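See below for the structure under consideration.
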Amino acid sequence: HEAGLGITASERVVMEESTEASATARGVAPGAGGAEAARAAGTMKVVVAVDASEESLHALSWALDNVVRHHPGASVVVLHAQHRVDHFVAHGLAYAPPTALDSMRRAQEENSRRVVARALDVCRQKQASATAAVVEGDPKEAIYQAVEEMRADLLVLGSRGLGMIKRALLGSVSDYLAHHACCPVLIVKPPNKAHHK
């Protein structure tokens, strides 16, 4: 277990995908982020955390338009965090047979594939190459750990706009990461809330 977060290296990265096959040709493993190669080339590494929400896709789109476009050669990693299957067992089911756990795991993997595919689609539409990684665990901790390991220069998150009470009760992933991440954190508000303050 690293940094007291309760996540082991084997639990962290579940799946990786890439929008560019040339990453392998350049000697950079797809999904690994290529932190050393990016640093050597003097490029910026932007990690965008995504989930199934429209807010996270808006944040990705905003980052591609307003950050990545202005930093030629920036590397983009689309990062999705999924809860471990045992999280669901601990929060409601006293006992789950192995077949139920397998079914839950498959459903979760399919959901992660859909989330990543939608995010990579946004990148393709904006003609931006990106890699994608899925990490497993509590989203706050899993994203925190992944960003640190990837040596990101910037973490971009969408804001769900939780009210004060919900944020106090549930905690906010963006609040947590803004205070704990090892790099600057950019929180993008939803379009309907961004201009109404």
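Fair warning: this is a prediction, and the values are worked out from it, not measured in the lab.
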Check step by step if salt bridge (charged side-chain N to carboxylate O under 4.0 Å, His left out) holds for R118 and E54.
CA-CA 10 Å; R118 284 183 68 197; E54 290 302 316; 2.6 Å; yes
Test side chain to side chain contact (heavy atoms under 4.5 Å, CB included) applied to A81 - qualifying residues, sequence neighbours left out
V135, P139, A142, I143
Interatomic distance, CD1@I187 vs OG@S159, rounded to 0.5 Å, equals 6.5 Å
Flag, side chain of E148 to backbone of C182, donor-acceptor distance under 3.5 Å
no
For the residue pair V156 and V67, establish whether any side-chain heavy-atom pair is separated by less than 4.5 Å.
no
Only counting residues at least two apart or in another chain, list the ones meeting side-chain hydrogen bond (donor to acceptor under 3.5 Å, both in side chains) with D65.
K126
Starting from the C-alpha separation in whole Å, work towards a yes-or-no answer on side chain to side chain contact (heavy atoms under 4.5 Å, CB included) for V188 and L157.
CA-CA 6 Å; V188 180; L157 303 159; over 6 Å; no
Begin from the C-alpha positions of H58 and E55 and carry the test side chain to side chain contact (heavy atoms under 4.5 Å, CB included) through to its verdict.
CA-CA 5 Å; H58 172 70; E55 292 89 352; 5.6 Å; no
Closest non-hydrogen contact found for K140 with Y176 is CB-CD2, 3.6 Å
To check you understand the geometry: which heavy-atom pair defines the closest contact between C183 and A152, and what is its length?
CB-O, 3.3 Å
Could you tell me whether H179 atom NE2 has more than 12 heavy atoms of other residues or ligands within 6.0 Å of it?
no
Kindly indicate whether the side chain of L186, heavy atoms from C-beta on, has any atom under 4.5 Å from the side chain of W62.
yes
Sub-3.5 Å donor-acceptor pair from the side chain of N111 to the main-chain atoms of A107, do we have one?
no
Looking at residues at least two apart in the chain, or sitting in another chain, which of them share a side-chain hydrogen bond (donor to acceptor under 3.5 Å, both in side chains) with D102?
R105
Taking D153 for the side chain and K45 for the main chain, is one N or O donor matched with an acceptor at less than 3.5 Å?
yes
Step by step, would you call L79 with M150 a side chain to side chain contact (heavy atoms under 4.5 Å, CB included)?
CA-CA 11 Å; L79 178 66; M150 291 177 186; 4.1 Å; yes
From R113 CZ over to H80 NE2, what is the distance, rounded to the nearest 0.5 angstrom?
11.0 Å
Nearest heavy atoms of V76 and S129, plus distance in Å:
CB-O, 3.9 Å
Go through the steps to decide whether V77 and V46 satisfy the test side chain to side chain contact (heavy atoms under 4.5 Å, CB included), and finish with yes or no.
CA-CA 6 Å; V77 178; V46 179; over 6 Å; no
Just jot down the side-chain hydrogen bond (donor to acceptor under 3.5 Å, both in side chains) partners of R106, sequence neighbours excluded, or say none.
none
With sequence neighbours excluded, what pairs up with Q127 under the side chain to side chain contact (heavy atoms under 4.5 Å, CB included) test?
none
Residues at least two apart in sequence or cross-chain that pass side chain to side chain contact (heavy atoms under 4.5 Å, CB included) with A119, listed by chain then number, are V50, L57, L60, V78
Can you see which heavy atom on R84 is nearest to which on E136, and at what distance?
CG-CG, 3.3 Å
Can you check whether S75's main-chain N or O pairs, donor with acceptor, with T43's side chain at less than 3.5 Å?
no
With H71, which residues qualify under ring pair (Phe, Tyr, Trp, His ring centres under 6.0 Å), at least two apart?
none
For the CZ atom of R124 and the CG atom of D121, what is their distance to the nearest 0.5 Å?
5.5 Å
